[in-house]
Participant: 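Encoded as structure tokens, here's the structure I'll be asking about.
Within every chain, numbering begins at 1; the chains are lettered A, B, ... in the order of the sequence lines, protein sequences first and strands thereafter. The shown structure was predicted, so the numbers you read here are calculated from the model rather than taken from an experiment. Atom set for the values below is all heavy atoms of this structure, side chains included, hydrogens, waters and symmetry mates excluded.
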Amino acid sequence: MLRLENVTAHYGTIQALKGVSINVNEGEIVTVIGANGAGKTTLLKTICGLVSATSGKVYFYDMDITNLPTSDIVAAGIVMVPEGRRIFPRMTVLENLQLGGYLNRNKSETKANMERVFELFPILKDRLHQIAGTLSGGEQQMLAIGRALMSRPKLLLLDEPSMGLAPKIVLSIFDIIRQINREGTTILLVEQNAHMALSTAHKAYVLETGRILMEDTAEKLLHNEQVRKAYLGEA
Amino acid sequence: MFAEQILNGLTLGSTYALIALGYTMVYGILELINFAHSEIYMTGAFIGLIMVTVYKMPFPLALIIAMAGSCLLGVTIEKVAYKPLRKSTRIAPLISAIGVSIFLQNAALILAGPQVRAFPVNFKSASIKLGQSIQMSSLQLLILLISIILMVGLHFLIHRTKLGQAMRATAQDKEAAQLMGIKIDRVISFTFAIGSALGGAAGVLVGVYFNSVDPMMGFFPGLKGFVAAVLGGIGNIPGAMLGGLILGIVEVLGAVYMSRYKDAIAFAVLIIILLVKPTGLLGRKLQEKV
Ligand SMILES: Nc1ncnc2c1ncn2[C@@H]1O[C@H](COP(=O)(O)OP(=O)(O)O)[C@@H](O)[C@H]1O
Ligand SMILES: [Mg+2]
């Protein structure tokens with residue numbers, strides 16, 4: 001469904017991606033784990049056109065989407081939930097959700113999509129007219145995911161959804177990620193929280209300083225000696 | 001007498017508010033002070049003048065064409081002078097803005113000459129009695145009404161339309177806005193279009209009010225519109241409206257007591273606001289904008 005071939009990306013002279021190739025099959029949860037600064041965010045931004053690839057190709061189904069404008073990539077069905085949630089803090093929950101459905105002109109579809117978001121996150125319905133910036137961290141993460149789902153993406157990109165959240169809330173967010181996947185949305189998840197990510201995903205990649213170091217089923221990487229040492233904090 | 005001065009202040013202030021909106025909308029989205037805004041205002045006045053005197057158009061039509069012309073000018077300036085610099089240092093578009101401003105002033109000097117022209121409009125300037133002792137000219141009433149209509153229209157656009165929602169989203173977080181599928185280049189163009197149309201309208205209204213149009217006419221009103229925007233909290237739309245009205249009233253009342261310093265009052269206001277509340281009356285804390 002999504003295929004990256006030897007993608008590189010730069011910030012000025014800094015090379016953040018040094019030839020990354022990954023593959024995401026339809027229906028899967030694929031995760032990319034890596035330490036802070038490994039290039040995880042850059043990878044997702046390159047997929048959705050916020051950072052331009054300096055070489056290599058990004059294919060979505062059989063369409064070459066390398067360096068297309070972000071609005072076209074969103075229209076094609078790839079939506080990202082950015083690191084740090086990035087909800088619109090001075091708008092209401094409702095307006096944030098409406099913006100998630102910005103490209104859909106069909107009012108009844110938008111309404112149905114919103115109902116689906118409320119089924120996943122009932123709390124958002126209670127907070128509908130609250131200013132988004134006043135929500136708790138967990139609620140903001142739910143809003144960010146709900147907002148992304150408003151366009152019914154085929155592929156959902158999640159950038160560190162566990163960041164800054166209490167363990168209990170992280171668990172419930174990951175439950176919902178699994179549920180979204182079961183309901184038919186393919187997911188590419190990047191995480192520093194390797195334990196959560198590997199226990200949720202089907203397939204996993206390890207990214208280190210802009211390069212893919214390992215690739216295997218999440219199950220196997222979870223039990224891999226090297227991964228356990230470097231990313232799961234085991235001596 | 002006092003109430004009349006307040007009305008005078010509101011009339012003048014409503015034109016400052018229109019100018020301030022252009023500054024504040026552009027700043028809200030690009031964090032750029034569009035120094036060419038005062039020349040967009042001047043250009044609007046000239047287009048209005050030409051439509052009325054050369055093409056003998058009725059005033060409302062002349063106003064609309066002046067707004068359309070200013071709008072086109074604003075969008076062009078953004079495309080030519082600011083957009084190519086969007087990824088460079090913050091000072092670069094600022095310098096470019098000053099360059100555009102000087103260019104437009106001189107282009108107007110060459111095309112129209114330095115002389116001050118009258119802006120004759122053909123309507124009965126009756127004076128309207130409000131209550132016992134308050135008088136207002138029909139021209140003042142017209143200016144006030146047009147300004148209010150434009151501001152209400154802007155409020156509607158920003159809070160009740162999808163485009164307005166996209167503009168607010170882009171102002172809050174450009175990257176997140178792109179992730180919603182918003183074409184932010186288009187939103188930025190629209191912002192310049194609307195801000196410039198309001199600036200051009202202000203140029204026409206002030207040109208008519210003082211019956212005078214010239215290539216340098218944008219200088220003081222431009223600065224005052226900027227002060228009004230800062231007073232209200234730069235980037236804040238209701239703030240720009242409030243700032244404009246307050247500045248107009250302060251200036252008119254101040255001029256009663258010290259008419260020689262009329263133009264200095266705005267700068268005194270600027271200095272005071274920067275000392276006392278740099279974020280402006282309705283401005284947010286600066287740290288909130290990450
Ligand atoms: N806007 C930027 N400008 C310059 N360098 C950046 C920028 N964003 C990220 N980097 C650099 O690119 C590398 C990868 O960063 P990032 O993709 O954010 O990593 P991660 O998300 O895995 O923490 C880091 O070395 C980081 O310092
Ligand atoms: Mg990151």
Participant: Examine A:R147 relative to A:F88 and say whether NZ or CZ is less than 6.0 Å from the centre of the six-membered ring and inside a 45° cone about the ring axis.
Facilitator: yes

Participant: Identify which of B:A166, B:A177, B:A169 forms the greatest number of heavy-atom pairs closer than 4.5 Å to chain A.
Facilitator: B:A169

Participant: State, to 0.1 Å, how close A:N96 and A:A132 come at their nearest heavy-atom pair, and which atoms those are.
Facilitator: ND2-CB, 3.3 Å

Participant: Give me the one residue out of B:Y23, B:Y27, B:F192 that meets ring-ring contact (aromatic ring centres under 6.0 Å, His included) with B:H37.
Facilitator: B:Y23

Participant: Compare every heavy atom of A:R127 with every heavy atom of A:V93, then report the nearest pair and how far apart it is.
Facilitator: CG2-O, 3.3 Å

Participant: What option among A:T70, A:L99, A:L50, A:V74 has the most heavy-atom pairs under 4.5 Å with chain B?
Facilitator: A:L99

Participant: Taking CZ in B:F190 as the centre, count heavy atoms belonging to other residues, nucleotides or ligands within less than 6.0 Å. Is the count above 12?
Facilitator: no

Participant: For chain A, which residues of residues 63-94 of chain B have at least one non-hydrogen atom nearer than 4.5 Å to it?
Facilitator: none

Participant: Is B:K162 atom NZ crowded by more than 12 heavy atoms from other residues, nucleotides or ligands, each under 6.0 Å away?
Facilitator: yes

Participant: Looking at A:Y61, I want to see if its OH is surrounded by more than 12 non-hydrogen atoms of other residues, nucleotides or ligands under 6.0 Å.
Facilitator: yes

